[in-house]
Amino acid sequence: MDIKKQIYKKIKKYNTIVIARHIGPDPDAIASQIALRDAIKLTFPSKEVLAVGASVAKFKYFGTLDKEDYTNIKDALLIVLDVPSLDRVDKMEGLSYKEIIKIDHHPSNDVGFSLSWIEESSSSTCQMIAELLFSTNLKMNQKVANNLFLGIVSDSDRFLLSYTTPKTFKIISKLIEEYHIDFNSLYTNLYERPINEIRFHGYLAEHLTLTKHGLAYVKITPEILKEYNVDNGTPSNMINDFNYIKEVLVWIFITYDEKSELYKINIRSRGPIINTIAQNYRGGGHKFASGARCKTLEEVDALLKDLENACQEYKNAQ
Ligand code: AMP
């Protein structure tokens, strides 16, 4: 049976469904989670459906997450979205579930899921949720469609990234046509930024160090974040803006996080494969969009060296 139909059957069977996603959520993670919760509630009003995980103030326009004490929940169906491994799921501790379904577009070696739908070629998890809703009896309304639209636009970086396919455009077109999406107001939610963030963007551009083989990096200290009044999630939102710089093949932001005492790393590429390198530094992700965590500056330097070598090898192979 088609995987989407199998997922629908499980959703239909359970009275309690918990929907989770990765820590440090981006618009695709939050939007897919809230859209799926709302679609299941629309279709099955008597089911208890909870979207769990830490709230993020800047994403509150997607809808609110459920604050209930879900540690009392028993025999639930757990659906994890946009996350390749369980150790990166936000709010798993103490949650009792009977079965677990994964829906994701990151590469992974799957183990321990009752059902797993992985589509590495999908632009986003929101694209997969839209497909799920369009191909089963799950209902959609304009709010669900808006969230799915925003998740796809954001994760495909406005259709710039290579995972954008004819299927992406077909789904976007269907969402717009059937649910009359008003993109202007939605884009304001997604892209409006305060002036201090624009100035911080200027700081990043100004301080990007470029190496011989096309690696660009910038190290961001807590003092700089304070000076520009931005939080340590802000660099993640800006990394994609540094695509298509002529001299740059791989670019990386290194942000020291005082709370975890780790260097949080965003890596992007327009050629060399980077996720296999990120995996050696407590990270992973997509072939051309990855993240990592380093404990020391020495480790950061080793990562930079590995990325520089990957750039050189890539250039030599061209
Ligand atoms: P980011 O740079 O945080 O936007 O992350 C880019 C991609 O890498 C996303 O698909 C993340 O899910 C993934 N990623 C980021 N950090 C990690 C990590 N520490 N471990 C595994 N995957 C990660």
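Atoms within each ligand, like the ligands themselves, are counted from 1 in listed order.
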>> With side-chain hydrogen bond (donor to acceptor under 3.5 Å, both in side chains) as the criterion, how do His286 and Asn275 come out once you've worked through the C-alpha distance, each side chain's angles and the decisive distance to 0.1 Å?
In response: CA-CA 6 Å; His286 302 281; Asn275 58 353; over 6 Å; no
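- You'll find the ring centres of Phe183 and Phe149 inside the 6.0 Å limit.
- For atom 10 (O) of ligand 1, the nearest protein heavy atom (residue, atom name, distance) is His106 NE2, 2.6 Å.
- For the side-chain contact (heavy atoms from CB on, under 4.5 Å) with Asn147, the qualifying choice from Ile34, Ile152, Leu36 is Ile34, the only one to do so.
- Set against the non-hydrogen atoms of His286, the atoms of ligand 1 under 4.0 Å away are 10 (O).
- Between Arg282 and ligand 1, at least one N/O pair is under 3.5 Å apart.
- The main-chain N or O of Ile19 is found under 3.5 Å from a side-chain atom of Gln33 such that the two form a donor-acceptor pair.
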>> Between Trp251 and Tyr217, does the side-chain contact (heavy atoms from CB on, under 4.5 Å) criterion hold? Intermediate values first, please.
In response: CA-CA 6 Å; Trp251 62 108; Tyr217 66 90; over 6 Å; no
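- Nearest protein heavy-atom neighbour of atom 11 (C) of ligand 1: Arg88 NH2, 4.0 Å.
- Close approach of ligand 1 to Ala289 is summarised as follows: ligand atoms under 4.0 Å from at least one heavy atom of the residue are 6 (C), 7 (C), 8 (O).
- For atom 3 (O) of ligand 1, the nearest non-hydrogen atom of the protein is Asn266 ND2, 3.4 Å.
- Checked by distance only, ligand 1 and Gly291 come closer than 3.5 Å through their nitrogen or oxygen atoms.
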>> Does Phe169 form a ring pair (Phe, Tyr, Trp, His ring centres under 6.0 Å) with Phe159? I'd like the steps, not just the answer.
In response: CA-CA 9 Å; Phe169 288 112; Phe159 312 110; 5.2 Å; yes
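- Look at Arg268 and you'll find a heavy atom under 4.0 Å from some atom of ligand 1.
- The residue His22 has no part lying near ligand 1, judged by heavy-atom distances below 4.0 Å.
- Looking at His22 and Asp90, their side chains never bring a donor and an acceptor atom within 3.5 Å of each other.
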